[in-house]
Amino acid sequence: MPIRVLQVLPDLSAGGAEGFATNLAVSQVENGAEVRFLLMAGVRDKRGEALCSDLHQAGIEVIGAREHNVRSPMNLVRLVSLINSWHPNVVHAHLYSAEVLVAVARAISLRGDVCYTRTLHSTDI
């Protein structure tokens, strides 16, 4: 069974973290992993649409592409549900709001065998 990786981001937009995470996910798929994206606040601009297209072309499901509220409680519901139903091996958070969401999901998730990781993309915080 291939490794399953869930990438969690606030949104897809013109930022460097979003491009990094997209390239990472496409590379993971090319190396045999199953990858899904969970977006907290959807696709934001033309660059975000291009990144989302790249993900779809690689066969990566993008969840939350039409959402527009990074603070919506539904983000937590979707994340915990996805962790408990899809059984990812790795949940990878990018950027602060995604890190907070993943930390809360980890605390309440029924799965204890998931590797949670985060990538610090900015030193502003």
Side-chain angles (χ1 to χ4, degrees):
M1 172 182 249
I3 189 169
R4 290 180 172 181
V5 181
L6 176 59
Q7 299 285 354
V8 183
L9 286 97
D11 59 42
L12 282 180
S13 59
E18 294 82 354
F20 170 84
T22 298
N23 291 337
L24 175 62
V26 170
S27 177
Q28 289 170 330
V29 167
E30 290 171 350
N31 285 292
E34 290 181 34
V35 180
R36 290 184 181 175
F37 257 63
L38 177 72
L39 301 177
M40 300 166 64
V43 177
R44 292 291 181 160
D45 52 25
K46 289 198 182 288
R47 174 70 173 140
E49 291 172 9
L51 294 173
C52 192
S53 177
D54 291 346
L55 293 169
H56 285 143
Q57 287 177 10
I60 298 169
E61 180 181 3
V62 179
I63 301 157
R66 303 221 184 280
E67 300 302 319
H68 295 290
N69 183 356
V70 75
R71 293 182 181 95
S72 171
M74 286 307 298
N75 288 320
L76 182 60
V77 171
R78 273 194 301 276
L79 178 56
V80 171
S81 176
L82 188 56
I83 290 169
N84 290 331
S85 65
W86 188 53
H87 306 286
N89 303 101
V90 176
V91 177
H92 188 171
H94 300 268
L95 301 170
Y96 184 73
S97 58
E99 292 176 13
V100 171
L101 180 72
V102 168
V104 174
R106 179 182 185 187
I108 64 174
S109 175
L110 301 175
R111 302 280 321 279
D113 60 341
V114 178
C115 175
Y116 293 90
T117 187
R118 64 188 176 103
T119 300
L120 180 62
H121 292 278
S122 174
T123 57
D124 289 345
I125 298 173

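Contact of the Leu24 side chain with the His92 side chain is registered, since non-hydrogen atoms from C-beta on lie closer than 4.5 Å. Looking at heavy atoms from C-beta onward, Glu49 lies out of side-chain contact with Ser53 at the 4.5 angstrom threshold. A heavy-atom distance below 4.5 Å is found between the side chains of Ile108 and Leu76. Under the 4.5 Å side-chain criterion, counting only non-hydrogen atoms from C-beta, Leu6 is in contact with Leu79. Within the 4.5 Å cutoff, side-chain heavy atoms of Met40 are placed close to those of Leu101. Between Val62 and His56, some side-chain heavy-atom pair lies under the 4.5 Å cut-off.
If you take CD on Gln7 and CD1 on Ile63, they are separated by 12.0 Å, rounding to the nearest 0.5 Å. Expressed to the nearest 0.5 Å, how far NZ of Lys46 lies from OG of Ser13 amounts to 14.5 Å. The distance from the CZ atom of Arg106 to the CD1 atom of Ile83 is 10.5 Å, given to the nearest 0.5 Å. Gln28 contributes atom CD, which lies 8.0 Å from atom CD1 of Ile3 (distance to the nearest 0.5 angstrom).
Taking every heavy atom of both residues into account, Asp54 and Val26 meet most closely at O-CG2, 4.2 Å. Of all non-hydrogen atoms in Ala65 and Leu39, the two that sit nearest each other are CA-CD1, 4.1 Å. When all heavy atoms of Ala14 and Asp45 are compared, the closest pair comes out as N-OD2, 3.4 Å. Between Ala17 and Leu9, the shortest heavy-atom contact is O-CD2, 4.3 Å. Nearest heavy-atom pair, Gly32 versus Pro2, reported as atom, atom and distance to 0.1 Å: O-CB, 3.0 Å. Taking each heavy atom of Val70 and Pro10 in turn, the nearest pair found is CG2-CB, 4.2 Å.
Counting only residues at least two apart or in different chains, side chain to side chain donor-acceptor pair (under 3.5 Å) contacts with residues 78-90 comprise Asn75-Arg78, Asn84-Ser109, His87-Arg111.
Each of Arg44, Glu18, Arg47 was evaluated against Leu12; a single residue qualifies, Glu18, per the side-chain contact (heavy atoms from CB on, under 4.5 Å) test.
When the side chains of ILVMFWY residues are joined at heavy-atom separations under 4.5 Å, either directly or via intervening members, Ile60 and Leu38 end up in two distinct hydrophobic clusters. A continuous path of ILVMFWY side-chain contacts below 4.5 Å connects Val8 to Tyr116, so both sit in one hydrophobic cluster. Val91 and Val5 fall into different hydrophobic clusters, where Ile, Leu, Val, Met, Phe, Trp and Tyr are joined by side-chain heavy atoms under 4.5 Å apart, directly or via other members. Neither Leu95 nor Val104 shares a network with the other; the hydrophobic side chains, linked directly or stepwise wherever heavy atoms of I, L, V, M, F, W or Y lie under 4.5 Å apart, form separate groups for each.
By the neighbour-count criterion of 12 heavy atoms within 6.0 Å, atom CZ of Arg36 is densely surrounded, having more than that number from other residues, nucleotides or ligands.
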